[in-house]
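Heads up: the structure comes next, in structure tokens.
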Amino acid sequence: MPELPEVETVRRGLERWAVGRTIAEVEVRGPRTVRRHAAGPDDFAARLRGRRIEAACRRGKYLWLALDDDGYLLAHLGMSGQFLAVAAESEDPKHLRARFRFRDDGPELRFVDQRTFGGLALDSGLDAGEGTIPAAVAHIALDPLDEAFDDGGFADRLRSRRTGIKRALLDQTLISGIGNIYADEALWRARMHYARGSDTLRRADVVALLAAVREVLLAAIGAGGTSFDALYVAVNGESGYFDRSLEVYGREGEPCSRCGAAIRREAFMNRSSYRCPRCQRVPKAPRW
DNA sequence: CCTAACTCCTGCATGC
DNA sequence: TGCATGCAGGAGTTAG
């Protein structure tokens, strides 16, 4: 599932394959993928025709392409969205949702999405202090790899919340880019249980947690992300290999690499959480 | 304002 | 074999 490392890998691919090119034609398959574009698929396609792509940007799990008319092509991959740069002659995949052709001889760009949680929209800019961003992204917190991320401010906000630590890590308005996989991996690295109350963390605990988050995100970016199946690949079609480095996620029953205890899978927030039962003990006052 | 449940969707694995 | 069920889950929306 695309989280920050996967989205960053895709962003780099868009930088390589889309930036500097001018759009000739856009084809949208069905209304769902552009459901966030209020004016509809035809307007979406018409406005993009002739636009030059100036930059590929990201905040958390949101991606956007800055256009030469000061607009933004905003994208979210959801659970299974992909951008693929491929020769126009190659066969259309089953879940093709949008196609971008350019005014050059290079490959076309396709947005493919099996589970349709992903989406595309055109948006206008908003001055957010740290620069202009698409208006629809304004409520998303900076991600922990952004140099403007405020560690102290995050600690304050986290500690003032009355929720569990994993819920907080998954809240994109508090810290962005973390999903189920990297939340579990970071909590394992920090030796914290997912149900620990966010208001029980001392500032030093938050420092350790942020360090663990950054370590795992950077390592995963270095591996090109995590590809469990064909649902996540880079823009050039390659899979990431961070799945080999996962310590707990998807490893139920396997020994913890630190202590040897069998990794446990538990239902939490209508999904699965993985943890080491010895390294990550249940807190005295868990907040499920 | 805060927190949490609900909802959208498709394909694959599992069980009877 | 076929059908029902469960599971994967990001984030906007709604409810309390």
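No experiment lies behind these values; they were computed from the predicted model shown. A, B, ... follow the sequence lines: proteins, then strands. Residue 1 opens every chain.
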### Query
A:R35 has an atom CZ; how far is it from atom P of C:dT13, in whole Å?
11 Å

### Message
Under 3.5 Å, is there any donor-acceptor pair linking the side chain of A:R115 to the base of C:dA8?
### Response
yes

### Task
Please report the shortest heavy-atom distance between A:G152 and A:R203, naming the atom on each side.
CA-NH2, 3.7 Å

### Query
In whole Å, what is the span from the CG atom of A:L169 to the C1' atom of B:dT3?
16 Å

### Task
Check whether any side-chain N or O of A:R251 sits under 3.5 Å from a backbone N or O of A:L246 as a donor-acceptor pair, and report yes or no.
yes

### Query
Rounded to whole angstrom units, what separation is found between the NZ atom of A:K166 and the P atom of B:dA4?
14 Å

### Out of B:dG11, B:dT3, C:dA8, whichever nucleotide has its closest atom nearest the side chain of A:R162
B:dT3

### Query
If you look at every strand shown and take non-hydrogen atoms under 4.0 Å, does A:S272 touch a base, only sugar-phosphate, or nothing?
sugar-phosphate

### Query
Roughly, in whole Å, what's the span from CG in A:L174 to C1' in B:dC1?
15 Å

### Query
Is the shortest side-chain N/O distance from A:H95 to OP1 or OP2 of B:dG11 below 4.0 Å?
yes

### Query
Between B:dG11, C:dG12, C:dG10, which nucleotide gets closest to the side-chain atoms of A:K61?
C:dG10

### Query
Roughly how many Å is it from CZ in A:R32 to P in B:dT7, rounded to a whole number?
15 Å

### Query
Is any side-chain N or O of A:K94 closer than 4.0 Å to OP1 or OP2 of B:dT10?
no

### Query
Whole Å only: how far is the CG atom of A:L158 from the C1' atom of B:dT3?
14 Å

### Query
If you measure from the Lys or Arg side-chain nitrogens to the Asp or Glu carboxylate oxygens, is any gap between A:R58 and A:E8 under 4.0 Å?
yes

#### Entry: Any A:R161 side-chain nitrogen or oxygen under 4.0 Å from OP1 or OP2 of B:dT3
yes

### Query
For A:T163 and B:dA4, is the shortest distance between a side-chain N/O and OP1 or OP2 below 4.0 Å?
yes

### Interatomic distance where CG belongs to A:L231 and P belongs to C:dC7 [whole Å]
18 Å

### Query
Do A:Y72 and A:Y62 have ring centroids that are under 6.0 Å from one another?
no

### Query
With a 3.5 Å cut-off and no angle check, do the side chains of A:D113 and A:S80 form a donor-acceptor pair?
yes

## Note on the structure
Among the nucleotides C:dA8, B:dC8, B:dG11, whichever has the atom closest to the side chain of A:F117 is B:dC8

### Nucleotide opposite C:dT1 in a Watson-Crick or G-U pair, distances under 3.5 Å
none

### Query
So does A:R99 pair up with A:D92, basic N to acidic O under 4.0 Å?
yes

### Query
So, is A:R271 close to the C:dG10 phosphate, meaning a side-chain N or O under 4.0 Å from OP1 or OP2?
yes

### Query
Using a cut-off of less than 4.0 Å, is there contact between a side-chain N or O of A:Y62 and OP1 or OP2 of C:dG12?
yes

### Message
If I take atom CZ in residue A:F268 and atom P in nucleotide B:dA5, what distance separates them, rounded to the nearest angstrom?
### Response
9 Å

### Query
Looking at the side chain of A:T116, which of B:dA4, C:dG10, B:dT10 is the nearest nucleotide?
B:dT10

